[in-house]
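Just so it is clear: chains get the letters A, B, ... in the order the sequence lines come, proteins before strands, and each one is counted from 1.
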2 protein chains.
Amino acid sequence: MKKSLPETVTLDEFDIRILRILRDEARIAVQDLSERIGLSPTPVARRIRNLEASGIITGYAAMIDEAALGYSVTVFVSVKLDRQVDQALADFENAIRDCPEVVDCWLMTGNRDYLLRVVTDGLAGFEEFLTGRLTRLPAVSSIESSIPLRRVKAGISRQP
Amino acid sequence: MKKSLPETVTLDEFDIRILRILRDEARIAVQDLSERIGLSPTPVARRIRNLEASGIITGYAAMIDEAALGYSVTVFVSVKLDRQVDQALADFENAIRDCPEVVDCWLMTGNRDYLLRVVTDGLAGFEEFLTGRLTRLPAVSSIESSIPLRRVKAGISRQP
DNA sequence: TGTGAAAGCGTTGCCTC
DNA sequence: GAGGCAACGCTTTCACA
């Protein structure tokens with residue numbers, strides 16, 4: 001039932017604990033990590049390498065305070081395309097992947113519209129993105145923006 | 001000792017390049033990083049420590065493939081509260097922070113509703129979260145769920 | 001910011017269970 | 001099969017220029 005995944009890796013308690021710690025402190029030393037979970041460094045390093053090789057750990061990211069960098073505006077944008085053929089979707093997605101302003105993008109069910117999280121250095125920058133880039137993409141028919149007041153919980157991935 | 005507000009830190013080209021690299025490869029060795037940006041390891045380590053201390057780097061996260069862990073379902077949930085006094089918001093937010101299913105949560109402008117990204121190990125798990133936890137929170141008046149087909153772009157933060 | 005020495009850490013081969 | 005130990009080599013750190 002639960003083996004539809006490409007990787008049928010089985011994770012034991014140690015793997016789960018490693019993931020749990022690495023999820024929050026990705027730059028921790030293997031040695032410190034091994035002390036915390038009660039194993040010696042050797043198997044911990046092996047387990048981390050296996051988790052990386054099997055695709056369970058897909059990478060490590062520094063979490064950067066966007067506001068401190070001057071990116072103070074986050075907007076959620078809902079985009080609808082007027083043509084929903086595969087080519088239009090693919091073209092739109094390729095264009096989105098080239099936009100640094102778009103941090104996150106999901107294709108939604110239903111009317112096959114997209115949900116984007118857009119980050120800019122101000123409302124002027126957002127307007128520029130909207131009028132200068134987004135509305136100029138072919139097949140874009142309607143755009144709806146929602147502005148958040150604040151982020152209540154900031155997660156990267158679900159905790160095991 | 002120039003410890004000022006996080007917003008007023010000035011970043012030079014080296015800092016930006018360090019952030020850009022750490023953003024994608026947070027576990028890179030300082031030595032490798034220093035070779036890539038053309039500085040010796042010592043100042044690079046110092047810069048990283050300063051970036052952490054000034055709050056520009058808020059942490060490091062391992063990116064974990066949720067599907068490989070069995071968390072195959074992502075749902076965006078829009079929640080509206082019937083009372084919008086501060087206490088109701090605070091209570092709701094505290095409850096949300098305790099839900100491992102809720103990966104990300106934003107308070108939106110307008111009708112002051114919340115946008116949640118919920119991750120579970122299946123639709124049954126989602127239903128359990130919905131009926132067992134979310135609808136039981138006080139002040140929750142309406143809930144709307146949207147299911148994504150796929151993630152087009154998966155970002156952590158805006159690239160500098 | 002860079003250099004060099006010292007301390008700390010990760011990696012590997014081998015052994016044990 | 002997986003964990004642990006020890007030694008080697010690389011990385012980080014600190015004093016000082």
Side-chain angles (χ1 to χ4, degrees), chain A residues 1-3 5-65 68-69 156-157 159-160, chain B residues 1-6 8-65 68-70 156-157 160:
Chain A
M1 309 292 293
K2 48 167 33 178
K3 76 164 302 299
L5 300 167
E7 311 93 3
T8 49
V9 184
T10 56
L11 303 171
D12 63 11
E13 264 310 308
F14 286 121
D15 290 316
I16 298 294
R17 288 169 69 192
I18 289 171
L19 288 173
R20 218 188 282 258
I21 292 173
L22 244 29
R23 184 171 46 75
D24 298 321
E25 300 162 63
R27 262 184 94 84
I28 190 175
V30 173
Q31 201 162 277
D32 293 345
L33 182 49
S34 68
E35 279 170 20
R36 279 220 242 161
I37 67 171
L39 233 51
S40 73
T42 310
V44 173
R46 270 201 294 254
R47 282 166 181 269
I48 293 175
R49 239 184 292 119
N50 290 342
L51 289 168
E52 289 167 358
S54 61
I56 292 174
I57 294 177
T58 57
Y60 303 95
M63 290 179 291
I64 296 166
D65 181 351
L69 278 176
I156 303 290
S157 54
Q159 23 199 122
Chain B
M1 273 307 183
K2 47 182 353 198
K3 205 65 193 315
S4 42
L5 294 170
T8 58
V9 180
T10 56
L11 303 172
D12 63 11
E13 262 311 308
F14 286 122
D15 290 316
I16 299 294
R17 289 169 68 191
I18 289 172
L19 288 173
R20 219 189 281 259
I21 292 172
L22 282 179
R23 184 182 156 285
D24 298 321
E25 301 162 61
R27 263 184 92 86
I28 191 177
V30 173
Q31 197 161 277
D32 294 344
L33 183 49
S34 68
E35 282 169 16
R36 279 218 244 162
I37 68 171
L39 234 50
S40 74
T42 309
V44 173
R46 271 201 292 257
R47 282 165 181 270
I48 294 174
R49 243 182 287 123
N50 290 341
L51 290 167
E52 291 167 355
S54 61
I56 291 173
I57 294 177
T58 58
Y60 302 95
M63 289 179 291
I64 297 166
D65 180 352
L69 277 176
I156 304 289
S157 54

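Rounded to whole Å, the distance from CG on A/Asp15 to C1' on D/dG1 is 14 Å. Atom CZ of B/Arg36 and atom P of D/dT11 are 14 Å apart (whole Å). Between the P atom of D/dG3 and the CZ atom of A/Arg17 lies a distance of 13 Å, rounded to the nearest Å. For A/Glu13 and D/dG3, the CD to C1' distance is 17 Å, given to the nearest whole Å. Straight-line distance from the CZ atom of B/Phe14 to the P atom of C/dT1: 8 Å, rounded to whole Å. Following rounding to the nearest Å, B/Glu35 (CD) and C/dT1 (C1') show an atom-to-atom distance of 17 Å. When the P atom of C/dC9 is taken as reference, atom CD1 of A/Ile48 falls 14 Å away, rounded to whole Å.
Note that the CD1 atom of B/Ile56 and the CD1 atom of B/Ile48 stand 13.0 Å from one another [nearest 0.5 Å].
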> Could you go step by step and tell me if A/Ile64 and B/Leu22 meet the side chain to side chain contact (heavy atoms under 4.5 Å, CB included) rule?
Replying inline: CA-CA 9 Å; A/Ile64 296 166; B/Leu22 282 179; 6.0 Å; no
> A/Ile18 and A/Leu39: side chain to side chain contact (heavy atoms under 4.5 Å, CB included), yes or no, with the steps?
Replying inline: CA-CA 11 Å; A/Ile18 289 171; A/Leu39 233 51; 5.8 Å; no
>> Please evaluate residues A/Arg23 and A/Ile156 with respect to the criterion side chain to side chain contact (heavy atoms under 4.5 Å, CB included), reporting the C-alpha separation (whole Å), side-chain torsions for both, the decisive distance (0.1 Å), and the verdict.
In response: CA-CA 8 Å; A/Arg23 184 171 46 75; A/Ile156 303 290; 5.7 Å; no
Could you go through nucleotides 15-17 of chain C and list every protein N or O atom that sits under 3.5 Å from one of its N or O atoms, giving the distance for each pair?
none

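Listed for the B/Thr58 side chain is no donor-acceptor partner under 3.5 Å among the backbone atoms of A/Asp65. Judged by distance alone, with hydrogens and angles left aside, the side-chain atoms of B/Arg27 form a donor-acceptor pair with the main-chain N or O of A/Ile28 at under 3.5 Å.
The two residues A/Phe14 and A/Arg47 make their nearest non-hydrogen contact at CB-NH1, 3.4 Å.
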>> How would you summarise protein contacts on nucleotides 12-17 of chain D per nucleotide, using B for base, S for sugar-phosphate only and - for none, with heavy-atom distances below 4.0 Å?
In response: BSB---
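With respect to A/Glu25 and A/Arg36, a salt bridge is recorded, a charged nitrogen being found less than 4.0 Å from a carboxylate O.
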